[in-house]
Amino acid sequence: MDLIARLRAGLPGEAILTDPDVTGSYANDMASFCEAGTPAVVVLPRTVEQVQHVMRTATELRVPVVPQGARTGLSGAANASDGCIVLSLVKMDRIIEINPVDRIAVVEPGVVNAVLSRAVNEHGLYYPPDPSSWEQCSIGGNIGTASGGLCCVKYGVTAEYVLGLDVVLADGRLLSCGRRTAKGVAGYDLTRLFVGSEGSLGIVVRAVLALRPEPPQQLALAAEFPSTAAACEAVCEIMARGHAPSLLELMDRTSVRAVNAMAQMGLPDTTEALLLAAFDTPDPAADLAAVGALCTAAGATQVVPAETAAESDLLLQARRLTLTALERVKSATMIDDVCVPRSRLAEMLDGTAAIADKYGLTIGVVAHAGDGNTHPTVCFDAADPDESRRARESFDAIMALGLRLGGTITGEHGVGVLKKEWLARELGPVGLELQRGIKDVFDPLGILNPGKLF
């Protein structure tokens with residue numbers, strides 16, 4: 001029995017897509033410079049049992065399986081391989097439970113982040129992880145890449161909110177790991193192992209997520225600096241003094257000017273760095289005043305605190321527009337994701353500016369400054385082979401810089417195809433051997449998302 005016939009034996013007809021024009025549209029995520037193959041079939045299951053059938057079929061026929069969510073990823077982790085089954089989980093989109101007493105939500109992997117966030121808000125609760133693509137990205141994809149967002153400086157990343165998982169293994173068995181309780185240390189932490197594994201160890205089909213009480217409305221301020229070094233000094237002082245901002249973001253000169261050019265926001269052309277801070281504390285105005293004083297002491301030329309939520313939204317608009325503005329600079333972009341210790345943030349930004357000069361490219365940087373997580377965005381003309389080559393080389397140079405500064409090649413976007421070589425450099429031979437060994441335990445045939453990570 002061939003692959004399609006075998007799949008049809010356990011799946012409804014509408015769950016199986018075979019038209020090459022349709023299946024080809026599932027070949028890749030949003031990453032540049034990442035190879036993608038041609039899938040043999042795309043499957044859209046709605047139940048756990050259907051996922052199990054797919055994996056049993058794949059194991060029996062030795063067919064690779066590439067799990068996918070909303071395909072908003074930026075590392076090629078969801079890219080198809082030739083002849084694979086693309087297992088799209090977007091139809092498994094039920095919020096099964098929201099429990100205000102236990103402060104948990106139980107969801108399927110296709111639930112969109114923003115949909116979950118709004119649903120728990122109705123119960124006076126809060127799901128903090130908020131990737132920039134939160135209106136499109138799915139919880140399963142967030143778990144697969146251990147994604148973060150603007151609020152990570154205070155609330156942490158996705159991994160800190162995943163309490164338990166149901167996972168279909170490569171051979172079709174169903175594993176339940178983790179817990180619904182506030183505490184639990186029974187055995188190895190397999191739940192945390194799956195978070196960030198990019199679908200290479202199993203297929204997440206259900207997640208138990210921790211929730212928090214909904215915080216007060218945040219207030220923000222914007223501080224303009226004459227240098228990135230001064231802005232990064234302010235960041236270090238804010239964190240060293242024990243402040244807990246709900247958001248602490250930095251935009252470099254290139255990003256500020258791109259946003260100005262697109263949205264006419266009136267930011268001074270002399271601005272070398274723009275720092276945005278917000279607090280969702282009981283008295284955010286007092287916290288903003290304290291942080292504003294630290295910014296002034298560090299050399300800020302102007303500090304503008306908001307007095308209302310509407311004013312805060314206006315101040316934060318520049319940050320939200322950054323990627324769109326940089327995409328207008330050239331026909332293509334590569335978004336890097338290098339995280340360094342906060343104390344090395346200025347070196348990371350200045351080093352990236354030097355790399356932009358060396359390769360003759362426009363590279364704008366925005367950063368989750370409170371985390372040291374930078375997102376250099378390389379702008380280039382995809383139709384120009386020389387410029388494309390320089391873009392890729394500059395991308396690698398940025399990752400090398402991050403490692404030299406004691407950082408990591410990815411803070412929240414994952415490894416996928418894009419950073420495989422760099423993962424090996426960061427882990428070292430012993431770390432790489434152990435991680436490959438773990439992969440072999442969960443996926444001895446190597447059919448789960450092959451070609452990713454290692």
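Atom-to-atom distance recorded for Arg103:CZ and Leu163:CG is 13.0 Å, nearest 0.5 angstrom. Taken from OG1 in Thr72 to CG in Asp29, the straight-line distance is 8.0 Å, to the nearest 0.5 Å. In this structure, the separation between CD on Glu421 and CD1 on Ile409 is 10.0 Å, given to the nearest 0.5 Å. Note that the CZ atom of Arg71 and the OG atom of Ser88 stand 7.0 Å from one another [nearest 0.5 Å]. In this structure, the separation between CE on Met265 and CG on Leu315 is 8.0 Å, given to the nearest 0.5 Å. One distance of note links OG of Ser75 with NE2 of His413; it measures 9.0 Å at 0.5 Å rounding.
For the side-chain contact (heavy atoms from CB on, under 4.5 Å) with Val168, the lone residue among Val51, Leu87, Val204 that qualifies is Val51.
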Which atom pairs, one a donor and one an acceptor, fall under 3.5 Å between side chains of residues 187-194 and the rest of the protein, sequence neighbours left out?
from   : atom 1 : to     : atom 2 : distance (Å)
Asp189 : OD1    : Thr191 : N      : 3.4
Asp189 : OD1    : Arg192 : N      : 3.0
Thr191 : OG1    : Gly178 : N      : 3.2

Please list, one pair per line, the donor and acceptor atoms closer than 3.5 Å that link side chains of residues 288-305 to other protein atoms, with sequence neighbours excluded.
from   : atom 1 : to     : atom 2 : distance (Å)
Thr296 : OG1    : Gly292 : O      : 3.1
Thr301 : OG1    : Glu224 : O      : 3.3

Donor-acceptor list for residues 136-148 side chains, cut-off 3.5 Å, not counting sequence neighbours:
from   : atom 1 : to     : atom 2 : distance (Å)
Ser138 : OG     : Gly141 : N      : 3.3
Asn142 : OD1    : Asn113 : ND2    : 3.0
Asn142 : ND2    : Ser138 : O      : 3.2
Asn142 : ND2    : Ser147 : OG     : 3.4
Thr145 : OG1    : Gly141 : O      : 3.0
Ser147 : OG     : Thr158 : OG1    : 3.3

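Side-chain contact between Leu453 and Lys420 is absent, with no heavy atoms from C-beta onward closer than 4.5 Å. Considering only heavy atoms from C-beta on, Leu361 comes within 4.5 Å of Arg390 through its side chain. Within the 4.5 Å cutoff, the side chain of Thr410 has no heavy atoms near those of the Leu418 side chain. Side-chain contact check for Leu448 versus Phe442: every heavy-atom pair is 4.5 Å or farther apart. Using a 4.5 Å heavy-atom threshold, the side chains of Val86 and Thr23 count as separate. Side-chain atoms of Met92 and Leu89, non-hydrogen and from C-beta on, do get closer than 4.5 Å to each other. Using a 4.5 Å heavy-atom cutoff, the side chains of Phe279 and Pro216 are not in contact. You'll find the side chain of Ile355 reaches within 4.5 Å of the side chain of Leu401, heavy atoms only.
Within the 3.5 Å criterion, the main-chain N or O of Glu214 finds no donor-acceptor partner in the side chain of Asn121. The closest donor-acceptor contact from the side chain of Asn449 to the backbone of Ala77 lies under 3.5 Å. Panel note: side chain Asn260, backbone Gly266; a donor-acceptor pair is recorded below 3.5 Å. Without hydrogens or angle criteria, Ser246 side chain to Ala278 main chain gives a donor-acceptor distance under 3.5 Å. The backbone N or O of Ala170 sits nowhere less than 3.5 Å from a side-chain atom of Asp443 that would complete a donor-acceptor pair. In this structure a side-chain-to-backbone donor-acceptor pair under 3.5 Å is missing from Lys439 to Leu201. Remark: the backbone N or O of Glu412 is paired with a side-chain donor or acceptor of Asp337 at under 3.5 angstrom. Although no hydrogens or angles enter the test, the distance criterion places no donor-acceptor pair under 3.5 Å between the side chain of Arg212 and the main chain of Tyr127. The backbone N or O of Val365 sits less than 3.5 Å from a side-chain atom of Ser255, completing a donor-acceptor pair. With hydrogens and angles disregarded, a donor-acceptor distance shorter than 3.5 Å links the side chain of Thr374 to the backbone of Val338.
A search for side chain to side chain donor-acceptor pair (under 3.5 Å) contacts involving Arg118 returns Glu135, not counting sequence neighbours. A search for side chain to side chain donor-acceptor pair (under 3.5 Å) contacts involving Thr228 returns Asp350, not counting sequence neighbours. For Ala346, the side-chain contact (heavy atoms from CB on, under 4.5 Å) partners are Cys232, not counting sequence neighbours. Residues that satisfy the salt bridge (charged side-chain N to carboxylate O under 4.0 Å, His left out) test with Arg342, not counting sequence neighbours, are absent from this structure. Here Tyr26 pairs with nothing under the ring-ring contact (aromatic ring centres under 6.0 Å, His included) rule; sequence neighbours left out. In terms of the salt bridge (charged side-chain N to carboxylate O under 4.0 Å, His left out) criterion, Asp357 has no residue partners (sequence neighbours excluded). With sequence neighbours excluded, the residues satisfying side chain to side chain donor-acceptor pair (under 3.5 Å) with Arg319 are Glu249.
When every heavy atom of Ser32 is checked against every heavy atom of Met334, the shortest pair comes out as CB-CG, 3.9 Å. Here the closest non-hydrogen pair linking Ala80 and Val66 is CA-CG2, 4.2 Å. Of all heavy-atom pairs between Ala36 and Asn79, the closest is CB-ND2, 3.9 Å. Considering every non-hydrogen atom in both Ala40 and Gly83, the closest pair reads CB-O, 3.6 Å. In this structure, Pro376 and Ile363 approach most closely via the heavy-atom pair CB-CG2, 4.0 Å. The two residues Gln217 and Ala309 come nearest to each other via the heavy atoms CG-CB, 3.6 Å.
Screening residues 238-276 for ring-ring contact (aromatic ring centres under 6.0 Å, His included), with sequence neighbours left out, gives no hits. Residue pairs meeting the salt bridge (charged side-chain N to carboxylate O under 4.0 Å, His left out) criterion with at least one member in residues 359-372: none, sequence neighbours excluded.
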Requested in this report: Go through the steps for Gln317 and Val259 under the test side-chain contact (heavy atoms from CB on, under 4.5 Å), then give the verdict.
Outcome: CA-CA 10 Å; Gln317 185 180 13; Val259 170; over 6 Å; no

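A 6.0 Å sphere centred on NZ of Lys91 holds no more than 12 heavy atoms belonging to other residues, nucleotides or ligands. Taking a 6.0 Å sphere around CE of Met30, one finds it holds 12 or fewer heavy atoms contributed by other residues, nucleotides or ligands. When the shell of 6.0 Å around CZ of Arg328 is examined, it contains 12 or fewer heavy atoms from other residues, nucleotides or ligands.
Under the 4.0 Å criterion applied to side-chain N and carboxylate O atoms, Asp440 and Arg436 are not assigned as salt-bridge partners. A salt bridge does not link Lys452 to Glu198: none of the charged nitrogens lies less than 4.0 Å from a carboxylate oxygen. Using a cut-off of 4.0 Å between Lys/Arg side-chain N and Asp/Glu carboxylate O, Glu387 and Lys330 are scored as salt-bridged. Salt bridge annotation for Asp336-Lys419: present, with a cationic side-chain nitrogen under 4.0 angstrom from a carboxylate oxygen.
Between Tyr155 and Tyr161, the distance separating the two ring centers is not shorter than 6.0 angstrom.
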